[in-house]
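Below, each value reflects all heavy atoms present in this structure, side chains not excepted, and no hydrogens, waters or symmetry copies. Numbers restart at 1 for each chain; the letters A, B, ... are given by sequence-line order, proteins then strands.
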Protein chains: 2
Amino acid sequence: MSIKVYLAGPEVFLANAREILNAKAELARKAGFLPISPGDLEIPPAPTKKGMGLSISAIDEQMMLEADAIIANLTPFRGVAADVGTAYELGFMCGQGKHAFAYTNVAHDHHQRVLTYYEGAVVADSQGHRRGPDGLSVEDFEMIDNLMLHGGVERRNGTVVVHDAAEDAIYTDLTGFERVLAIAAAKLL
Amino acid sequence: MSIKVYLAGPEVFLANAREILNAKAELARKAGFLPISPGDLEIPPAPTKKGMGLSISAIDEQMMLEADAIIANLTPFRGVAADVGTAYELGFMCGQGKHAFAYTNVAHDHHQRVLTYYEGAVVADSQGHRRGPDGLSVEDFEMIDNLMLHGGVERRNGTVVVHDAAEDAIYTDLTGFERVLAIAAAKLL
């Protein structure tokens with residue numbers, strides 16, 4: 001029986017999204033999986049922008065209901081953290097009790113990126129909690145992103161692969177994806 | 001039978017997190033719900049930072065498994081989008097088929113915030129898709145954030161409340177939370 005894996009990540013926003021999604025699907029098939037990605041299915045036309053968004057949401061959730069596992073690309077997107085759509089999808093699969101794996105193409109972990117975001121202006125408060133100038137706590141759990149994401153993967157026997165991609169290839173470099181595919185195949189197939 | 005609602009949001013990162021979480025829990029109780037929030041339970045000590053993160057992930061997921069509904073605070077966090085931990089939690093509850101509601105304290109929608117992020121430098125490509133200088137597509141689904149989040153709530157009969165809070169109160173103003181609580185109570189109780 002083949003295992004269906006949902007390929008989540010911000011590559012859907014690229015100009016060459018279809019090319020990258022096809023390349024990921026091909027690698028997943030070579031690893032022995034049945035891949036499924038956002039954009040694989042026709043979106044029924046809707047009369048409004050919001051109706052269109054709701055249609056895409058419905059189709060992507062349907063794909064996830066049918067999938068056995070997720071590989072989430074948690075590479076930071078427009079800022080310090082992963083794409084929130086991908087974070088939702090990772091949570092959706094974990095909430096269903098499915099298998100979860102992840103990778104990132106940025107080697108600096110969550111803590112290092114938050115320090116960069118605050119340009120180093122992080123100080124300890126009277127209780128010893130480190131905070132940015134906006135008062136928000138700066139966490140360091142030695143994880144690649146928020147503990148719910150990284151923890152959600154590792155706590156269900158998944159693996160988070162970290163690859164240090166070139167800055168102009170963080171959404172297109174598939175090295176980390178290939179590594180996590182091999183790990184997922186060894187665990188699930 | 002009382003309905004248990006999980007209160008998700010970036011207020012856990014505030015210096016006065018406990019105070020805000022208590023205020024939200026009190027409002028939820030007054031609305032007729034049984035509230036539960038991250039931080040309500042003791043985290044068992046762990047020998048490493050990562051072990052601590054994994055413990056918190058386990059406890060928060062356990063609370064969500066026991067909850068019937070989520071109210072997610074999707075106010076933007078450290079940038080253009082919602083907190084990825086909250087996005088994961090919203091997905092986790094939707095993946096379980098639970099009730100989902102959300103609010104944001106920032107009135108500018110996702111599209112407006114992305115335009116601000118790119119300082120207006122958004123142009124249409126040869127296929128008519130609008131993109132930022134980094135090549136990433138600029139979507140406009142008339143939603144407060146990524147379509148998976150907003151769509152996930154609205155498609156399961158939830159409501160997304162938008163409140164225009166003062167800039168220095170976006171994580172502490174509870175007006176939008178009270179409005180969404182009243183809507184959730186009318187629908188679920």
To check you understand the geometry: which heavy-atom pair defines the closest contact between B:Cys94 and A:Tyr88, and what is its length?
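Smallest heavy-atom distance, with atoms named: CB-OH, 3.2 Å.
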Compare every heavy atom of A:Val84 with every heavy atom of B:Ala82, then report the nearest pair and how far apart it is.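 B:Ala82 and A:Val84 have their closest heavy atoms at O-CG1, 3.2 Å.
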key: For chain A, the option from B:Lys49, B:Lys98, B:Glu61 that forms the most heavy-atom pairs under 4.5 Å   =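 Of the options given, most contacts go to B:Lys49.
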(message) Is B:Glu89 close to chain A through its backbone or its side chain, or both, or neither, when contacts mean heavy atoms under 4.5 Å?
(response)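 It is the side chain, since no backbone atom gets that close.
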Is B:Arg78 close to chain A through its backbone or its side chain, or both, or neither, when contacts mean heavy atoms under 4.5 Å?
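Backbone plus side chain of B:Arg78, per the 4.5 Å heavy-atom cut-off to chain A.
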Is there a path of hydrophobic side-chain contacts, each under 4.5 Å between heavy atoms of I, L, V, M, F, W or Y residues, that connects [X] with [Y]?
X: A:Ile70; Y: A:Leu74; value: yes
X: B:Tyr171; Y: B:Leu90; value: no
X: B:Leu65; Y: B:Ile3; value: no
X: B:Ile183; Y: B:Val5; value: yes
X: B:Tyr103; Y: B:Leu188; value: yes

Q: Under 4.5 Å heavy-atom distance to chain B, tell me which part of A:Met64 shows up: side chain, backbone, both or neither.
A: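 Only the side chain of A:Met64 comes within 4.5 Å of chain B.
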Tell me whether the count of non-hydrogen atoms from other residues, nucleotides or ligands lying under 6.0 Å of NE2 in B:His111 goes above 12.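 It does: B:His111 NE2 has more than 12 such atoms within range.
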Fill in: Any residue of residues 133-159 of chain B which, by heavy atoms, sits under 4.5 Å from chain A
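Within residues 133-159 of chain B, near chain A: B:Gly135, B:Leu136, B:Ser137, B:Val138, B:Glu139, B:Asp140, B:Phe141, B:Glu142, B:Met143, B:Asp145, B:Asn146, B:Leu147, B:Met148, B:Leu149, B:His150, B:Gly151, B:Gly152, B:Glu154, B:Arg155, B:Arg156.
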Taking heavy atoms only and a threshold strictly under 4.5 Å, list by residue number the residues of residues 7-38 of chain B that touch chain A; give 'none' if the list is empty.
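The list, in residue order, reads B:Phe13, B:Leu14, B:Ala15.
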